[in-house]
Amino acid sequence: MKEIIPGLELIGLDEVGTPAAYLKNLVGGKWVQHHSYEALADPMDFHNYLCRYPVTGVDDLEPFINGLASCPKSGLHNPFKNIGRYLMLGEVSFKAAAMLQNELVADYFTRLIMRVMPKSYIQAMAEVTVVRQFLKNFGGDRVRFLAAGQHTPGDRPGQRPHDYRWPYGPVVIISPFNFPLEIPALQLLGALYMGNRPTMKSATTVSIVIEQFIRLLQACGLPMTDVDLIHAGGKVVHELLKRTVDIVRMVQFTGSSTVAEELAVMLRGKIRVEDAGFDWKILGPDFNPGYLNYVADQCDQDTNAATGQKCSKTSILFVHDNWWNGGLIERIKERAARRNIGDLTNGAILTETNQRILDHIAELLKLRGLSMQKAVPVGEGGMAALLGADIKKASALANASAQGEVCTVANDNDPTQVVISGHIGAIERAIAAAKDHGIKRGILLPVSAPFHCSLMAPAAEAMEEALAEATILPPVVPVFANVSAAPVSDVNEIRDLLVQQVTGTVRWRESVAHMAESGVEQFVEFGGKVLTGMVGRIAPDAETVSLVSPADIEAFLKSL
């Protein structure tokens with residue numbers, strides 16, 4: 001911790017990315033060092049880390065549950081109780097606004113935002129400015145007026161009712177990654193002004209920002225016990241809400257609509273969801289060539305900067321003919337052409353670390369392998385590669401060889417090679433009869449189980465159960481599924497197709513053909529050359545690239 005200005009100690013910007021940058025949970029009025037930490041990758045350089053954050057687990061939730069339970073339904077203050085807190089919070093707001101007015105403090109938070117959610121300096125400073133103005137607006141006596149009620153006169157004694165704004169009491173705030181300071185700060189301050197006692201959870205990738213802001217508020221006089229801050233993953237916070245569903249009065253949630261729907265059911269409607277629509281730009285007939293570069297820059301910035309901010313990037317641009325004919329579109333195209341993955345204003349979306357993703361995939365693959373092996377005892381099933389066979393010949397051979405057992409096409413690799421799978425007896429019969437069906441040769445494959453056939457049904461059931469609990473995000477671009485040979489983007493469809501793939505045919509030949517028909521001109525294979533050869537036989541006009549070594553990958557990336 002460093003003293004940025006007198007009385008304000010925060011993690012120094014030179015400490016971010018070093019072992020000194022440790023975050024802490026705030027619970028029960030104390031900043032608590034956790035027993036387990038994980039390094040957060042730096043979005044600007046994945047070889048380094050940004051900070052270390054507490055890996056809060058479900059076994060660590062008891063103090064946070066107690067914190068929520070400690071706040072009565074009437075809140076920390078209301079028109080009849082602890083009314084002095086209105087002025088206290090006004091004073092905190094006044095002092096905090098003054099701190100953010102300080103150039104050193106404003107620059108600190110601006111640059112901190114840029115480290116975790118890559119934005120331009122102007123964009124990041126805008127968040128600081130909004131928060132500062134918000135604090136100014138409610139400095140002094142304004143918190144008290146924010147809680148104004150009303151009264152209705154009556155025509156006889158006792159008929160004059162008074163209405164008061166009452167807080168919810170214990171609340172939970174879950175904020176997103178795309179506005180590390182503005183969204184959580186405004187939501188937190190609003191909750192505190194009305195007397196709520198919030199438990200704050202910001203996206204792990206940017207939570208260092210709200211931690212530092214809470215420390216700023218405490219330096220300005222906010223009681224340490226007024227808010228808890230938890231650094232934790234979504235599943236842990238989901239468990240916290242599940243255990244406190246009868247305690248928590250309201251949840252403020254900004255994030256995935258899918259998660260919001262699940263929380264709405266679990267919390268019995270005690271949730272407020274921040275949503276956003278399209279960000280439109282409309283350029284009317286008042287064309288001015290002197291503004292062309294400015295407008296083109298603004299359109300490019302809003303569309304591409306901080307990619308992932310779906311609520312703030314331009315969705316639709318309406319252009320009058322005057323701007324169109326004046327060359328605006330050409331200038332936007334020029335700016336778009338300059339952008340690439342290395343552009344620092346294109347922000348990475350770090351919802352999970354690489355290691356967590358790899359560990360999760362490994363667990364699913366291990367389950368898939370074990371369940372497949374368990375489905376058919378060793379020696380009872382087999383697979384064979386049919387060389388010089390197309391799908392029609394292979395299917396006819398498999399049907400003729402089944403004779404009451406399972407024998408089916410498992411992999412339609414290319415126009416000259418198909419793999420069959422099933423009971424070992426049927427596979428051996430198919431190999432023996434291959435030449436009679438016009439197939440050059442059948443080769444028994446050294447595999448541990450008959451994959452991609454109906455014998456794998458028990459494994460498919462195990463995968464369906466596992467995938468039901470797995471988090472699957474929509475792909476950035478459509479993915480061609482082997483089992484359907486068609487592009488897919490819908491998460492539920494992806495989940496279903498992954499289950500079907502355990503027993504379904506791998507339609508590789510059709511997948512490649514459909515990709516080529518869809519306009520895919522280049523196919524890149526990582527780690528080998530087998531698929532490159534298949535693609536060449538399926539789509540001979542396509543460009544194929546095989547990357548085997550790290551040097552191959554580096555050279556390919558430089559060529560993009």
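One is the number of the first residue; the rest follow in order along the sequence. Because only heavy atoms are used, hydrogens play no part in the values below, and waters and symmetry mates are left out as well, while side chains stay in.
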- Message: Between N322 and F287 (side chain of the first, backbone of the second, donor and acceptor by atom type, cut-off under 3.5 Å), is there such a pair?
- Response: no
- Test item: M266 and L263 side chains (from C-beta on) under 4.5 Å apart, heavy atoms: yes
- Query: Are there more than 12 heavy atoms of other residues, nucleotides or ligands under 6.0 Å from atom CD1 of I83?
  - Reply: no
- Item | R243, CZ: over 12 other non-hydrogen atoms inside 6.0 angstrom | yes
- Would you find a donor on one side and an acceptor on the other, under 3.5 Å apart, between the side chain of R331 and the backbone of A296? no
- Query: Take atom CD in E3; do more than 12 heavy atoms of anything else shown fall under 6.0 Å from it?
  - Reply: yes
- Note on the structure: The side-chain contact (heavy atoms from CB on, under 4.5 Å) partners of R52 (sequence neighbours excluded) come to Y22, Y37, A39, Y49
- Item | W323 side chain vs G284 backbone, donor-acceptor pair below 3.5 Å | yes
- Quick check: does any side chain N or O of D141 sit under 3.5 Å from a backbone N or O of L87, one acting as donor and the other as acceptor? no
- Query: Going by heavy atoms in the side chains, are L61 and I230 under 4.5 Å from each other?
  - Reply: yes
- Task: Look only at the side chain of N82 and the backbone of R85, and say whether a donor-acceptor pair between them is shorter than 3.5 Å.
- Result: no
- Message: Closer than 3.5 angstrom, by distance alone: can the side chain of E261 be matched with the main-chain N or O of V265 as a donor-acceptor pair?
- Response: no
For residues 62-72, dump all side-chain donor-acceptor pairs below 3.5 Å to protein atoms at least two apart in sequence or in another chain.
from, atom 1, to, atom 2, distance (Å)
N66, ND2, E62, O, 3.3
S70, OG, G67, O, 2.6

- Could you tell me whether the side chain of E15 and the main chain of A21 form a donor-acceptor pair under 3.5 Å? no
- Task: Would you please test H77 and Y86 for ring-ring contact (aromatic ring centres under 6.0 Å, His included) and show each step?
- Result: CA-CA 8 Å; H77 63 260; Y86 288 117; 4.6 Å; yes
- Item | Salt-bridge present (K30, D228; N to O < 4.0 Å) | no
- Message: With a 6.0 Å cut-off (strictly less than), is the heavy-atom count around CG of D14, excluding the residue itself, greater than 12?
- Response: yes
- Query: Taking H320 for the side chain and D286 for the main chain, is one N or O donor matched with an acceptor at less than 3.5 Å?
  - Reply: no
- Message: Salt bridge check, K235 against E239: does any charged N sit closer than 4.0 Å to a carboxylate O?
- Response: no
- Does the side chain of R272 reach to within under 4.5 Å of the side chain of M250, using non-hydrogen atoms? yes
- Who pairs with H35 by side-chain hydrogen bond (donor to acceptor under 3.5 Å, both in side chains), at least two apart in sequence or on another chain? D60
- Taking atom types as modelled and ignoring hydrogens, do the side chains of N293 and R335 form a donor-acceptor contact shorter than 3.5 angstrom? yes
- Between the main-chain N or O of V237 and the side-chain N or O of K242, is there a donor-acceptor pair closer than 3.5 Å? no
- With distance as the sole test, does N196 use its side chain to make a donor-acceptor pair with the main-chain N or O of P198 at under 3.5 Å? no
- Message: If we check side-chain contact (heavy atoms from CB on, under 4.5 Å) with S175, which of these qualifies: E182, K201, Q187?
- Response: Q187
- When you check the side-chain N and O atoms of K281 and Q298, is any donor under 3.5 Å from an acceptor? no
- Item | L317 side chain near I332 side chain, heavy-atom distance below 4.5 Å | yes
Output a table of donor-acceptor pairs, distance under 3.5 Å, between side-chain atoms of residues 88-96 and any protein atom two or more places apart or on a different chain; print 'none' if there are none.
from, atom 1, to, atom 2, distance (Å)
S93, OG, L89, O, 2.9
S93, OG, Y193, OH, 2.6

- So does E465 have more than 12 non-hydrogen atoms from other groups sitting under 6.0 Å from CD? no
Distance-only donor-acceptor hits, side chain of residues 211-221, under 3.5 Å, sequence neighbours excluded:
from, atom 1, to, atom 2, distance (Å)
E211, OE1, K24, N, 3.1
E211, OE1, H231, NE2, 2.9
E211, OE2, R215, NE, 3.3
E211, OE2, R215, NH2, 3.3
Q212, OE1, I11, N, 2.7
Q212, OE1, Y108, OH, 3.0
Q218, OE1, W31, NE1, 3.0

- Message: Would you say that more than 12 heavy atoms from the other residues, nucleotides or ligands in this model lie under 6.0 Å from the OH of Y294, or not?
- Response: no
Result block: side-chain N/O donor-acceptor pairs under 3.5 angstrom for residues 149-157, not counting sequence neighbours:
from, atom 1, to, atom 2, distance (Å)
Q150, NE2, D163, OD2, 3.1

